[in-house]
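Residues take their numbers from the sequence shown, with the count starting at 1.
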Amino acid sequence: MRRTVFNEDHEAFRETLRAFIEAEVVPVYDEWFAAGQAPRDFYYKLGELGVFGISVPEEFGGAGLDTHKFEAVIYEETARAGINFGGSGVHVLLALPYIKMLATDEQKKRYLPKFVTGEEMWAIAMTEPGTGSDLAGMKTTAKLSEDGTHYVLNGAKTFITGGVHADKVIVCARTAAPTAEDRRHGISLFAVDTKSEGYSVGRKLDKLGLRTSDTAELAFVDVKVPVEDLLGEENKGFYYLGHNLASERWGIAFGAYAQAKAAVRFAKQYVQERTVFGKPVAHFQNTKFELAACQAEVDAAEAVADRATEALDAGELTPAEAASAKLFCTEVAHRVIDRCLQLHGGYGYMNEYPIARLYADNRVNRIYGGTSEIMKTIIAKDMGL
């Protein structure tokens, strides 16, 4: 079946990106994996390539393209190569939408030019120790100073992707107590400079997968945040967070589909080269049936991912549709990658093979951005159940 989601511009970008990955990432990826993070200067290279500025307005140094399709190409090409771009995904997929939606013209002039070049890398800090997905239960506070010039930030965050290398972090904090009618009231968003006094990066967390993506604990002790760095209106942060969930879940869905597609590619190549009992593994009927079943699932996930991409670009992707895409694509990827690893036999358990790293990387897709169970709840509610 011919895909219609991409045009000639996307395919030209794909060729450029594939060459970049082969030249700049693949030769050193094992070093990144061992170090547990991509080097900071790599993000300058992504900036030079134009990856960070695709949807940033031209007046701030970007290309001004209002589409997620180039991001989709990045998901496919990084998965195909068995690599990822470290913590840079959160820079574009999570942080940028908040800047574009909430920042004033003055803030955009300060933030976006350095965002595009990679001079300032961004992360977002929502999750706190002990709260998990219950964002309304966050304890981090931001109190306005008596002279009204700054907020004083105190608290802690965890599981912050890109938190080690971040230069700016969008921090969610309480500026007012929750009300009896609404636990979500009183949360605000701030663009916090990581060089601020009292701001500190704790442990770089040792994760099962996504090992080249730095993930950290953050702490704030009387951090002064200028009032000019409040994003949007005070106390409306929870609404803002919900507004961008659809695009975040689309990204996880599309990334999971791309991983499943890559897993079939890795397995097909392996079984054609690996010989047992005097025959390539690909000659056995079970191998053919397993890969055929995986390919059928990938075809279905591709259709769902492409449809969600078109809906997102049109501004029509609903929360329930995003939840459905995430649930389906991540569950398909779970099944497909597991079966493709099985076809590798014992070698599939070795980190030197991309399928092993893919297996570990994929597992978090059914957790972050809302667990599969949360996705089912959203879908069921939309069904009127």
Side-chain angles (χ1 to χ4, degrees), residues 1 3-5 66-69 71-72 75-76 79 89-90 93-94 97-98 101 124 126-127 131-138 159 172 178-185 187 236-261 263 293-339 362-385:
M1 292 179 287
R3 299 176 79 185
T4 59
V5 70
D66 189 18
T67 177
H68 290 78
K69 292 181 180 180
E71 293 172 45
Y75 282 124
E76 289 188 334
V90 71
L93 183 64
L94 298 189
Y98 291 102
M101 178 176 70
I124 185 166
M126 292 184 272
T127 306
T131 62
S133 298
D134 181 21
L135 296 180
M138 69 176 61
F159 304 147
C172 311
T179 65
E181 297 78 20
D182 188 2
R183 292 178 63 239
R184 300 170 295 183
H185 172 76
I187 294 172
K236 291 189 176 181
F238 200 95
Y239 164 76
Y240 299 142
L241 295 174
H243 186 271
N244 285 324
L245 278 175
S247 62
E248 177 183 354
R249 288 167 178 164
W250 164 82
I252 297 169
F254 203 100
Y257 140 71
Q259 289 176 323
K261 182 177 182 179
C294 288
Q295 184 61 53
E297 290 218 74
V298 169
D299 286 344
E302 181 179 87
V304 169
D306 285 356
R307 185 180 70 174
T309 303
E310 296 285 16
L312 182 63
D313 270 11
E316 298 172 354
L317 186 65
T318 69
E321 289 169 343
S324 179
K326 180 182 184 297
L327 176 65
F328 183 77
C329 291
T330 58
E331 294 291 340
V332 164
H334 161 63
R335 293 191 297 269
V336 167
I337 294 170
D338 183 76
R339 294 166 85 171
N362 173 261
R363 185 58 186 87
V364 75
N365 288 333
R366 291 181 288 148
I367 298 173
Y368 65 4
T371 63
S372 290
E373 291 72 26
I374 294 294
M375 298 304 100
K376 292 174 184 177
T377 300
I378 294 169
I379 297 165
K381 184 176 180 181
D382 185 67
M383 295 171 64
L385 299 174

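Summarising the geometry, atom CZ belonging to Arg184 is positioned 9.5 Å from atom OG1 belonging to Thr179; distances are rounded to the nearest 0.5 Å. In this structure, NZ in Lys261 is found 9.0 Å from CG in Asp299, a value given to the nearest 0.5 Å. Rounded to the nearest 0.5 angstrom, Ile252 CD1 and Gln259 CD are separated by 11.0 Å. If you take CG on Asp306 and OG1 on Thr4, they are separated by 7.0 Å, rounding to the nearest 0.5 Å. We find the OG1-CD distance between Thr377 and Glu373 to be 8.0 Å, quoted to the nearest 0.5 Å. Taking NZ of Lys69 as the reference point, atom OH of Tyr75 lies at 16.0 Å (rounded to 0.5 Å).
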Criterion side chain to side chain contact (heavy atoms under 4.5 Å, CB included) on Trp250 and Leu93, from CA distance to verdict: CA-CA 10 Å; Trp250 164 82; Leu93 183 64; 4.3 Å; yes
For Leu241 and Tyr98, run side chain to side chain contact (heavy atoms under 4.5 Å, CB included): C-alpha distance rounded to whole Å, both residues' side-chain angles, the deciding distance at 0.1 Å, then the answer. CA-CA 8 Å; Leu241 295 174; Tyr98 291 102; 3.5 Å; yes
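No more than 12 heavy atoms of other residues, nucleotides or ligands lie within 6.0 Å of CZ in Arg307, so this atom counts as exposed by the packing criterion. Heavy atoms of other residues, nucleotides or ligands lying less than 6.0 angstrom from CG of Asp182 number more than 12.
In plain terms, the two heavy atoms of Ala260 and Val336 that are nearest each other are O-CG1, 3.7 Å. Here the closest non-hydrogen pair linking Cys329 and Ala256 is O-CB, 3.8 Å. Across every non-hydrogen atom of Asn362 and Ala333, the tightest pair is ND2-CB, 3.3 Å.
A 4.5 Å side-chain heavy-atom check between Glu76 and Tyr257 finds at least one atom pair inside the cut-off. Looking only at side-chain heavy atoms (C-beta outward), Pro319 and Leu245 stay at 4.5 Å or farther from each other.
Side-chain N or O atoms of Arg249 include one that pairs as donor or acceptor with a backbone N or O of Gly369 at under 3.5 Å.
Identified under the side chain to side chain donor-acceptor pair (under 3.5 Å) test for residues 311-332, with sequence neighbours left out: Thr67-Asp313, His68-Asp313, Thr318-Glu321, Glu331-Ser372.
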